[in-house]
Number of protein chains: 2
Amino acid sequence: MSRKIFVSAKEVADRAGVSRSAVSRTFTPGASVSEETRRRVTEAADALGYHVNHLARGLMRNESGIVCLIVSELDTPYRASLIRALTGQLQSASKIAMLINTDRSDDSVDQALRQAISYRADASIILSGMPDRSITDLCLKSGQRLVLINRDEDREGALMINLNDREAARRSFFALLRAGCRNFAFANSEAMTPSLMAREEGFCEAGREHGLEVSVERFGPTTYQSGVVLAQRLLTREKRPDAIFCVNDLLACGLMDAARHQFNLAVPSELCVVGFDDIEQASWSSYNLTTFAQPVEQIAAEAVTWLDQVTSAGSNSRRLDAELVWRGSVRGG
Amino acid sequence: MSRKIFVSAKEVADRAGVSRSAVSRTFTPGASVSEETRRRVTEAADALGYHVNHLARGLMRNESGIVCLIVSELDTPYRASLIRALTGQLQSASKIAMLINTDRSDDSVDQALRQAISYRADASIILSGMPDRSITDLCLKSGQRLVLINRDEDREGALMINLNDREAARRSFFALLRAGCRNFAFANSEAMTPSLMAREEGFCEAGREHGLEVSVERFGPTTYQSGVVLAQRLLTREKRPDAIFCVNDLLACGLMDAARHQFNLAVPSELCVVGFDDIEQASWSSYNLTTFAQPVEQIAAEAVTWLDQVTSAGSNSRRLDAELVWRGSVRGG
DNA sequence: CCTATTTTTGCAAGCGAGTGCAACAGGCGC
DNA sequence: GCGCCTGTTGCACTCGCTTGCAAAAATAGG
């Protein structure tokens with residue numbers, strides 16, 4: 001390995017003609033240092049290119065400033081924008097994000113949390129997958145904070161951030177009803193995560209309340225390609241749906257493309273579509289998709305402010321609203 | 001701050017009835033430990049939930065295992081997929097990625113590198129922006145390795161990974177020529193990064209060689225919205241282009257949407273479009289865009305294997321090929 | 001000018017690990 | 001039984017930093 005030769009506080013101290021502690025105090029907000037020594041220290045530090053070693057500081061302070069982001073499929077538009085919001089806000093709170101990609105094996109969320117523990121992360125934020133209870137218990141017991149985003153399952157001591165999935169799905173049903181639709185369908189993936197299932201249940205429930213049957217179809221992962229397949233399955237039914245709620249925007253894009261290019265259906269006159277997430281592509285004029293916006297900045301803000309709080313006792317949970325963004329894929333509006 | 005109470009090697013040693021060094025050696029590959037003590041140590045470690053403190057280990061070994069990824073606009077499809085590839089491959093090489101978002105201010109790439117130094121990152125990979133020479137010099141002098149992706153500018157001692165932008169642009173010109181196009185245009189952003197400019201030059205150069213003028217237009221950042229504006233500017237010219245090379249796919253999507261929905265032009269019969277990056281959306285049937293694929297996995301592989309190499313002397317640079325992906329936005333093919 | 005108080009400063013003891021060195025145990029050949 | 005070699009183990013030092021404590025310096029009060 002290449003010899004690393006970062007400059008240390010000792011060297012700065014020597015050059016500035018002060019003690020090592022003086023250097024340390026200069027870089028510790030609130031410590032007692034005279035204006036004169038501070039000046040000499042910063043001067044020497046600049047000249048030498050000194051930077052406090054956060055690893056060593058973390059060792060002493062018992063606080064690394066590291067927050068782990070545990071994610072799979074991080075190149076998905078929604079995930080990517082959430083990561084962007086989180087990293088941005090973490091940095092504003094002078095913390096730093098470690099990114100752990102769990103695309104590989106199935107137990108890798110557990111592996112990721114082990115990494116988080118190894119690096120003594122102050123907290124872990126889980127955006128996908130659900131770890132074993134034993135490992136989350138270990139995290140909490142070790143004093144590491146835990147944030148679960150859209151994971152729903154209850155974990156005492158962790159912060160759980162969820163959306164009003166059920167209500168949003170209900171609202172979309174009413175919007176489609178008002179648009180004059182009568183044959184409702186729900187396009188879901190086979191991922192079956194709690195938030196996706198909540199949307200399905202909310203939508204179907206609203207249908208039942210109005211005595212309208214909702215045909216549900218589930219296929220594959222939550223991707224564009226699945227949307228294409230779901231369109232083929234739904235649009236070839238004997239009673240062709242005129243309203244489809246897609247469990248997310250990616251699915252909706254695939255479904256709309258198939259509906260238009262393979263089935264020659266016009267949106268929204270022959271088919272109304274609603275999505276979820278409000279990814280950037282939803283606003284592109286080829287889709288112009290009516291959808292529910294994930295409040296990514298707000299989610300990030302909730303997570304980061306909670307991490308800064310001293311008290312973490314008890315079960316914390318936040319339920320945020322996904323706002324309906326009206327565009328052209330539903331009549332009326 | 002919450003009291004952190006991670007279990008230390010000392011506690012494991014006590015429980016296993018061995019010395020602290022024995023614990024250390026158990027978790028150090030290649031160290032000399034008897035089968036018996038190793039068993040007792042791992043047993044105690046499991047029971048207590050012990051994990052080696054990577055911060056402390058990094059301190060001793062002078063090697064943190066941390067690699068910083070410095071990125072702006074990380075929710076852009078191309079960037080996101082590159083991050084995914086990098087994090088994945090770094091993890092396979094048992095390193096961990098720190099993600100630094102530089103969306104904020106202009107000097108924040110420098111800030112990011114300072115952070116990298118503070119956390120004693122073994123390396124930094126820069127995906128966007130260009131830091132001051134003084135700070136990169138400091139990184140290199142400190143023994144930190146530096147990878148610049150698509151930044152082009154020369155930095156002695158760093159690994160520079162670039163694409164054959166110029167050749168790719170030339171190839172696209174020939175492809176468009178063969179498709180029967182005669183009025184060429186180049187849609188660029190105002191970002192003016194070296195790789196974007198290389199594409200522009202390559203395309204225009206090829207045009208000149210064939211005595212064909214290329215109308216160049218530059219606008220805004222490299223986004224979908226800029227593509228819309230560029231379409232408006234280019235398609236209202238008195239000699240309307242019938243072939244447009246867009247400097248990236250995002251721009252191309254915006255341009256195609258505007259061309260179709262605002263100018264009612266059919267692609268590819270009335271207008272051929274070529275993009276760059278091969279983002280996921282390029283394959284969506286609404287775009288079906290002919291484009292050049294960024295070899296993200298290969299880029300990541302080059303970076304990661306270079307980091308693992310012992311020697312880093314001299315100026316290292318790799319020039320990779322962007323492969324042409326034929327789809328339906330160009331006639332023929 | 002002397003004493004009491006407030007800063008400022010340096011010393012030294014950690015934080016949690018890795019590792020060279022020497023002591024030690026056990027196995028083998030003679 | 002003795003000497004030698006191999007393999008394990010523990011001691012103690014080190015990495016770069018923070019921080020309590022006490023000494024030293026600066027300031028204020030009389």
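In the text below, chain A, chain B and the rest are named by the order of the sequence lines, each starting its count at 1. This structure is a prediction, so every number in the text was calculated from the model and none was measured.
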Does the pair Gln111(B) and Gln91(A) meet the rule for a side-chain hydrogen bond (donor to acceptor under 3.5 Å, both in side chains), with working shown?
CA-CA 11 Å; Gln111(B) 285 301 330; Gln91(A) 284 169 222; over 6 Å; no
Side-chain touch Leu148(B)/Leu159(B), heavy atoms, less than 4.5 angstrom
no
Glu11(A) atom CD is separated from dC15(D) atom P, nearest whole Å, by 11 Å
Interatomic distance, Arg61(B) CZ vs dG16(D) C1' [rounded to whole Å]:
17 Å
Set out, in order, the CA-CA distance, both residues' side-chain angles and the distance that settles side-chain hydrogen bond (donor to acceptor under 3.5 Å, both in side chains) for Thr136(A) and Arg155(A), then state yes or no.
CA-CA 8 Å; Thr136(A) 59; Arg155(A) 282 286 196 281; 3.0 Å; yes
With a 3.5 Å cut-off and heavy atoms only, can you find an N or O donor on one side and an acceptor on the other between the side chain of Arg25(B) and the base of dG10(D)?
yes
Of all the choices, dA17(C), dC17(D), dG10(D), which nucleotide is nearest to the side chain of Ala56(B) once you look at every atom?
dA17(C)
Could you give the CD-to-P distance, from Glu36(B) to dG26(C), as a whole number of Å?
13 Å
Closest to the Ser24(A) side chain: dT9(C), dG10(C), dT19(D)?
dT19(D)
Met60(B) CE to dG18(C) C1', in whole Å, measures 4 Å
Kindly say if Thr37(A) contacts the phosphate of dT9(C), meaning a side-chain N or O under 4.0 Å from OP1 or OP2.
yes
Just to be sure I understand the rule, does Phe27(A) reach a base, reach only the sugar-phosphate, or reach nothing, if contact means heavy atoms closer than 4.0 Å?
nothing
Could you check whether Val23(B) gets within reach of a base, just the sugar-phosphate, or nothing at all, counting any heavy atom under 4.0 Å?
nothing
Has the side chain of Arg20(B) got a donor or acceptor atom sitting under 3.5 Å from an opposite partner on the base of dG18(C)?
yes
Ring centroids only, cut at 6.0 angstrom: are Phe27(A) and Tyr50(A) within range, meaning strictly under it?
yes
Rounded distance in Å - NZ (Lys10(B)) to P (dC11(D))
10 Å
Under 3.5 Å, is there an N or O donor on one side and an acceptor on the other linking the side chain of Ser21(A) and the base of dC11(C)?
yes
To the nearest angstrom, how far is Asn62(B) atom CG from dG16(C) atom P?
20 Å
May I ask you to evaluate whether Ser32(B) reaches the phosphate of dT8(D), defined as a side-chain N or O under 4.0 Å from OP1 or OP2?
yes
What is the separation between atom OH on Tyr119(A) and atom P on dC15(C), rounded to the nearest whole Å?
23 Å
Base, sugar-phosphate or nothing for Ser34(B)? Non-hydrogen atoms, less than 4.0 Å.
sugar-phosphate
Pick base, sugar-phosphate or nothing for Ser8(B), based on heavy-atom distances below 4.0 Å to the nucleic acid.
sugar-phosphate
Got a salt bridge between Glu36(A) and Arg39(A), using NZ or NE/NH1/NH2 to carboxylate O under 4.0 Å?
yes
Taking only the side-chain nitrogens and oxygens of Ser19(A), find out if one of them lies under 4.0 Å from OP1 or OP2 of dT9(C).
no
How many Å lie between CZ on Arg57(B) and C1' on dC17(D), as a whole number?
20 Å
Regarding Thr28(B), tell me which of base, sugar-phosphate or nothing describes its non-hydrogen contacts under 4.0 Å with the strands shown.
sugar-phosphate
Would you call Gln115(B) and Cys68(B) a side-chain contact if the rule is heavy atoms closer than 4.5 Å?
no
